[in-house]
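Only one structure is covered here, and it is reproduced in the block below.
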Amino acid sequence: MHLRNKIAILLSLAIGTATAQTTVYPAHWWTGMRHHSLKLLVRSHDSALYAKAPRVSSSTPGIVVRKVETLRNHRYLQVHVDIAPSARPGRHQLRIGSRTIPFELKPKDPTDGKSRIRGVDSRDLTYLLMPDRFANGDPANDAFPDLRDNQADRNNKFARHGGDLKGVEDRLDYFTDLGVTTLWFTPVTENDMPRMHEGQWDMAGYHGYWFTEHYAVDRRLGGNNAYRSLVEKAHAKGLKIIQDAIYNHIGIHHWIQTDPPDNAWVNQWPSFTGPNHREETLMDPYASRNDRENMVKGWFTPHLPDLNLSNPDLADYLIQHAIWSVEEFGFDGFRIDTYKYCDEPFLNRMNAELLREFPTLTTFVEAWANTTVANAYYVRNNFDIPFKHNAQGAIDFSLCFACHAGMTQSPGWTDGVNRIYMTLAQDFIYKDPLKNCIFLDNHDMDRIFSTIGEDWNKMTWGLNWLMTLRGIPQLYYGTEILMKNFKNPTDAEVRLDFPGGWPGDPVDKFKASGRNTLEEKSFQYTRALARFRRSSSALTTGRTMQYVVRDGAYVYFRYDDRQTVMVVTNTGRNAFKLDGKTYAERTSGFTRARNVVTGDVYDLATLTVPPGAGWVMELK
Ligand SMILES: [Ca+2]
Ligand SMILES: [Ca+2]
């Protein structure tokens, strides 16, 4: 048995000298929780525990064992426990036959919803980063000989590079200086997977999407302690944290696959069957059952077993873990991966149970959808359809693609910036479009500066839209210093190390001295917009009014009673002259406009935006 940084309990046998490992999921819970009925999953190699259905009891007042079940795999017991309001925090024990197992109760954190678990909203600016690729704060944890992938190698884009949570913690001031309020990490959960063959390459689980143990943060990122420390330090600086969660699948070396409690926990196919990836199958009134089932039950890849989320025991296991992780670490938001591949009733139940326990938590979902309708289908929407999703916000792919069109296409009736206009015009289908997460690129896409042909001018349009359109903006790490690349041949190209994140890096782009002129210009531009946004009620919580695109010029306003911000993007060939009559509904009462990045002040009566320019202006 190797020492794992997880909730492992050494259980001494009552007789003899041997020991056997018994693990309880979860090993602790809290008093004062709304979720006080638990299903403890006891996993043991101690045959005395599971030889026959044992009697489980508790002598602790307030901890009541209601029922014990043996699962199909007899190495597991499922113990139903109720924690009464009278239960006291402490290191308690449950008695299983002749054995005892520890079960701790801690007091629920009284600052939940106040200084932790605060939720993320449109006042925030999130920064998405991949911990393995951001900064290496502890070279001693880069690799462990007892893990299946036991090497770090920065010369190999497909290998782990040694970045970790300490590296992030050491750079919290970088984020606050940039104007970021929220960090979103790709998953931190343990991925004890060997390098897997994908395409023609051997890939490490450096990105974190191959869970092998839900209750453990990967040791190479610093383990549970590093995560707890980082969340606490981030909160102390006013920064929030979003955890990336995956319910759809696990890594093939997870014990749910290798030693399944019940083989109904994983969707079984006679041979590898991938999903069709078509989000439409779930909402299409004409979809076949075959296509729907294939979408929900197909395995994402041969090494990612697809979880059968309609199995009640597995569903309870995952929901209990999700609640545990929020209370244990205190993060503020959940980003849910591969949403469109999951059993839909499970998703709604998960969201409802999380919000019942933590009303201030924010969830937003990744359902990579190619249409606005499909995007809205997976969140609270205004459709009259049989199944209604209850997620709060979507990662807004349709607006992202519209922004790409705005930057890469000439303006046309349905092309270029008209795509943004047309996409926003469909916002009436969302219950609350301000809860959508908006972005220009992420770890699964070409980097935006490459997408737009490394055109700095167009980059300013994109940054303007990101910081001023409705929703919760997400900046992908390195965008501020113009990191570039296409996903060619693989997405490893868009997940390169942040220069300066590793001891001894020849350049340090966390500092101005390490950036070239354009990178510094981009950093300052991003920072100026982010800082203005942070203090702008109009941009964060205000209303939107957009105008029909005229001669390639796209004009919209964000406004409330206190402030009006006008955003002009002139993608046409002619100078844009503000026509006081057309825009009077929002400009009347104002005489001047201040460019929030440059500080230049213009007379509204003569305001002219040259072709190619994109300006964010506060009206005075
Ligand atoms: Ca490290
Ligand atoms: Ca699935």
Side-chain angles (χ1 to χ4, degrees), residues 5 129-145 147 149-154 159-171 185 188 190-191 204-206 208-211 217-223 225-227 229-230 245-252 254 256-257 264-269 272-279 281-282 290-311 314-315 318 336-348 350 365-368 378 497-498 500-505:
N5 185 3
L129 66 88
M130 190 166 274
D132 182 67
R133 301 300 169 91
F134 190 70
N136 191 358
D138 181 6
N141 67 13
D142 291 359
F144 292 89
L147 292 178
D149 175 7
N150 56 18
Q151 284 176 345
D153 178 5
R154 278 188 84 199
R160 288 177 176 272
H161 290 182
D164 50 41
L165 298 174
K166 179 70 167 54
V168 179
E169 188 179 298
D170 291 343
R171 281 162 184 81
F185 309 125
V188 298
E190 180 194 275
N191 278 209
Y206 65 87
Y209 289 97
W210 300 345
F211 290 4
V217 171
D218 202 293
R219 272 187 273 160
R220 290 160 290 198
L221 300 181
N225 288 338
Y227 192 36
S229 164
L230 171 55
I246 308 161
Y247 310 137
N248 181 60
H249 55 254
I250 48 174
I252 202 160
H254 196 298
I256 287 177
Q257 170 67 16
W265 281 32
V266 166
N267 286 314
Q268 308 289 339
W269 297 87
F272 169 71
T273 304
N276 52 49
H277 301 286
R278 292 235 64 118
E279 60 271 15
T281 56
L282 299 188
N290 178 75
D291 281 351
R292 239 175 239 176
E293 287 202 358
N294 169 251
M295 180 61 189
V296 170
K297 297 182 176 176
W299 287 26
F300 204 71
T301 72
H303 51 268
L304 297 177
D306 195 72
L307 292 173
N308 177 12
L309 303 171
S310 62
N311 179 286
L314 172 65
L318 293 173
I336 305 158
D337 184 64
T338 42
Y339 205 71
K340 64 183 186 181
Y341 301 92
C342 295
D343 177 75
E344 296 180 288
F346 165 84
L347 294 171
N348 272 6
M350 170 67 91
V365 305
E366 186 235 11
W368 188 313
Y378 289 99
D497 299 343
F498 195 109
W502 274 250
D505 271 0

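Start at 1 and go down the list; that is how both ligands and their atoms are numbered. No experiment lies behind these values; they were computed from the predicted model shown. Both backbone and side-chain heavy atoms feed into the values below; hydrogens, waters and symmetry mates do not. Numbering starts at 1 and runs along the sequence shown.
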>> Looking at Arg220 and Asp218, is there a salt bridge between them, counting it only when a charged N and a carboxylate O are closer than 4.0 Å?
In response: yes
>> Taking the basic N atoms (NZ, or NE/NH1/NH2) and the acidic carboxylate oxygens, is any pair closer than 4.0 Å for Asp505 and Arg154?
In response: yes
> Has Leu309 got an N, O or S atom lying less than 3.0 Å from the Ca ion (ligand 2)?
Replying inline: no
> Is it true that some N/O/S atom of Gly163, main chain or side chain, lies under 3.0 Å from the Ca ion (ligand 1)?
Replying inline: no
> Would you say Asp306 has an N, O or S atom lying under 3.0 Å from the Ca ion (ligand 2)?
Replying inline: yes
> At the Ca ion (ligand 1), what is the angle formed between atom O of Gly162 and atom OD1 of Asn136, rounded to the nearest 10°?
Replying inline: 70°
>> Please identify which of these residues, Thr338, Ile250, Ile246, meets the side-chain contact (heavy atoms from CB on, under 4.5 Å) condition with Tyr209.
In response: Ile246
> Would you say Asn248 has an N, O or S atom lying under 3.0 Å from the Ca ion (ligand 2)?
Replying inline: yes
> Closest N/O/S atom of Asp138 to the Ca ion (ligand 1), by atom name?
Replying inline: O
> Do other residues, nucleotides or ligands put more than 12 heavy atoms under 6.0 Å from Arg278 CZ?
Replying inline: no
> Can you tell me the N, O or S atom of Asp164 that's nearest the Ca ion (ligand 1)?
Replying inline: OD2
>> So that I can check it, does any N, O or S atom in Tyr341 come closer than 3.0 Å to the Ca ion (ligand 2)?
In response: yes
> Out of Asp306, Leu347, Val365, which residue meets the side-chain contact (heavy atoms from CB on, under 4.5 Å) rule with Cys342?
Replying inline: Leu347
>> Applying ring-ring contact (aromatic ring centres under 6.0 Å, His included) to Phe134 and His161, what does each step give before you reach the verdict?
In response: CA-CA 9 Å; Phe134 190 70; His161 290 182; over 10 Å; no
>> Return the OH to CG distance between Tyr341 and Leu304, rounded to the nearest 0.5 Å.
In response: 11.5 Å
>> Need the atom name: nearest N/O/S atom of Asp142 to the Ca ion (ligand 1).
In response: OD1
